[in-house]
There are 2 protein chains.
Amino acid sequence: MSVPGATRIAYTPERLLAVAVEVFNLRGYDGTSMEDLARATGITKSSIYHHVRSKEELLRLAVSRALDRIFAVLDQPAARTGRAIDRLEHVVRASARVLVDELPYVTLLLRVRGNTATEQWALERRREFDRVVATLVARAVADGDLDDTVEPRLATRLLFGMLNSAVEWYEPARADATADLGAAVWRLASAGLRRRPAGS
Amino acid sequence: MSVPGATRIAYTPERLLAVAVEVFNLRGYDGTSMEDLARATGITKSSIYHHVRSKEELLRLAVSRALDRIFAVLDQPAARTGRAIDRLEHVVRASARVLVDELPYVTLLLRVRGNTATEQWALERRREFDRVVATLVARAVADGDLDDTVEPRLATRLLFGMLNSAVEWYEPARADATADLGAAVWRLASAGLRRRPAGS
DNA sequence: CTACCTACCGTCCGAACGTTCGGTCGTTTA
DNA sequence: TAAACGACCGAACGTTCGGACGGTAGGTAG
């Protein structure tokens, strides 16, 4: 932690995690060996075990981080008060911001398959998030703001399927038309792609 | 395992593949051992090698099947002639049908990460499909059928992100509101979820 | 100087991995 | 009836896996 100019940069669990998550996303968690991590970090396998207890702990730290940020969205004032449709819009836009800001961690979270206890816990929390959003959609339908032929659970899945697909193609480096992912998703989901016949 | 009265049902590569793909989707390809497959098939590891050359061959057979069906969509007449917007609608609906009909194979295809040569080839073919669809979207914009603020590549990714997310939640057994996945996806993508102010 | 700490390394372990091999057994063919 | 075949098995192969262990270099504190 001391900063004596040009000495070796020591690993913290945080920095180690960042490297590990990149490799996990490249090769898949199961497809990544501790040797792969050693190569990517520049330290040996045994040194990694100085910082973390196990390979699975790295996974747990990563998905916890992603889940914490995502659930924090639901606690924001704009997600808790006001008209359901506006709360929904806020959740979509804020989730998109989390996805972009924490891209590697969210990516890993969305690829979890349920092999270990950690992964099953992650899946359960994701389902919980979906349930909350589906409730929001249902209220927006009841309010008359969403088409009443919309099935809330289906709409939620398509909406977040669209948003979450970004982990497969979003490139933070490129400052292209996808500057605001949340805006693009919300626009498509609420108004559709089709050209409006007349004004507005 | 054999019951005295009944004749033994022998495995074909096809039947073996069906079982293997189910397990791959449950545990992930890298997370599945040949022992896992042996347990799931009821024959031994060595017997599996009587039918297929390697574990990777099972993956190749599976993703080939999915890719063949998906690319067949682009060759259908309705995808090759007519107004771009109608061709696009057909591609979405027909892709949805393929996704549902070949759910396990498409699921596996969409989870491929590029670890082996087989996987990289699968990724490249998927990109090719996306390119064709993006061209279709661009033409529909040029025709004035899609909003001209729509960025073709982004729209394509969101559209198919939405559709492809179905592999994570679609249950063929349940005959619920998602009877026609393609219709639901196309409806959301073209018109959006929002309630229209007045008639139509 | 000594004692101690943190970050790291080299070496090793048992288990599990994908794959191979020699062989068995019931059915089909000649 | 004898030969051939297809489907399968048990045991083992060399390799790689996640992880353990005993060290050591260098900074800091007394």
Side-chain angles (χ1 to χ4, degrees), chain A residues 1-24 26-63 108 112-113 115-119, chain B residues 1-24 26-63 108 112-113 115-119:
Chain A
M1 283 303 151
S2 53
V3 193
T7 37
R8 197 216 309 259
I9 303 146
Y11 269 106
T12 62
E14 263 69 13
R15 250 191 60 66
L16 179 62
L17 182 63
V19 177
V21 169
E22 292 292 340
V23 183
F24 286 161
L26 204 66
R27 300 231 200 293
Y29 174 74
D30 285 316
T32 302
S33 71
M34 294 304 279
E35 271 299 333
D36 289 333
L37 294 187
R39 216 171 297 123
T41 53
I43 61 177
T44 61
K45 257 201 308 179
S46 28
S47 299
I48 294 174
Y49 283 93
H50 175 70
H51 299 286
V52 295
R53 248 182 262 284
S54 66
K55 184 186 178 188
E56 193 178 345
E57 180 171 271
L58 285 167
L59 181 64
R60 203 181 62 241
L61 288 170
V63 301
L108 191 58
V112 147
R113 300 257 55 88
N115 273 347
T116 66
T118 297
E119 298 186 37
Chain B
M1 281 298 157
S2 57
V3 183
T7 35
R8 169 149 44 189
I9 304 145
Y11 269 106
T12 63
E14 264 70 14
R15 250 188 57 67
L16 180 63
L17 181 63
V19 177
V21 169
E22 292 292 340
V23 183
F24 285 161
L26 203 66
R27 301 228 201 293
Y29 175 73
D30 286 316
T32 302
S33 70
M34 294 305 277
E35 270 300 333
D36 290 334
L37 293 187
R39 219 171 295 124
T41 52
I43 61 177
T44 61
K45 267 201 296 181
S46 32
S47 299
I48 294 174
Y49 282 91
H50 177 69
H51 300 285
V52 294
R53 247 182 262 283
S54 65
K55 185 187 176 188
E56 192 177 347
E57 181 172 86
L58 284 167
L59 181 64
R60 203 182 63 240
L61 289 170
V63 300
L108 190 58
V112 146
R113 300 256 56 88
N115 273 347
T116 66
T118 297
E119 299 186 37

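Numbers restart at 1 for each chain; the letters A, B, ... are given by sequence-line order, proteins then strands.
The base of D/dG10 lies outside donor-acceptor range of the side chain of B/Thr44, with no N or O pair under 3.5 Å.
Distance A/Asn115 CG to D/dG18 P: 14 Å, rounded to the nearest Å. For the pair A/Arg27 CZ and D/dT16 P, the computed distance is 14 Å after rounding to whole Å. A/Lys55 has its NZ atom 17 Å from the C1' atom of D/dA20, to the nearest Å. Rounding to whole angstrom units, CD of residue A/Glu35 and C1' of D/dG19 are separated by 12 Å. Rounded to an integer number of Å, the gap from CD1 of A/Ile43 to P of C/dC8 is 5 Å. For the pair B/Ile48 CD1 and D/dA7 P, the interatomic distance rounds to 15 Å; values are reported in whole Å. Atom CG of A/Asp30 and atom P of D/dT16 are 18 Å apart (whole Å). Note: OH (A/Tyr49) to P (C/dG10) measures 17 Å, nearest angstrom.
The residue B/Ser33 sits close only to the backbone: its heavy atoms come under 4.0 Å of sugar-phosphate atoms, none of a base. As judged by a 4.0 angstrom heavy-atom cut-off over every strand, A/Thr32 is placed among residues touching the sugar-phosphate backbone only.
A/Ser47 has a side-chain polar atom (N or O) that falls below the 4.0 Å cut-off from OP1 or OP2 of C/dC9.
Listed nucleotides: C/dT19, C/dC9, D/dG18. Nearest to the side chain of A/Met34: D/dG18.
Listed for the B/Glu119 side chain is a donor-acceptor partner under 3.5 Å among the backbone atoms of B/Arg113. Distance alone, capped at 3.5 Å, is enough to place a donor-acceptor pair between the B/Tyr11 side chain and the B/Thr41 backbone. The closest donor-acceptor contact from the side chain of B/Tyr29 to the backbone of B/Glu56 lies under 3.5 Å.
Within the 4.5 Å cutoff, no side-chain heavy atoms of A/Tyr49 are placed close to those of A/Glu57. Using a 4.5 Å cut-off on side-chain heavy atoms (C-beta onward), A/Ile48 and A/Ile43 make contact.
The residue among A/Lys45 and A/His51 whose nearest nucleotide of DNA chain C lies closer to the 5′ end is A/His51. Nearest-nucleotide positions on DNA chain D place B/His50 closer to the 5' end than the other of A/Arg53 and B/His50.
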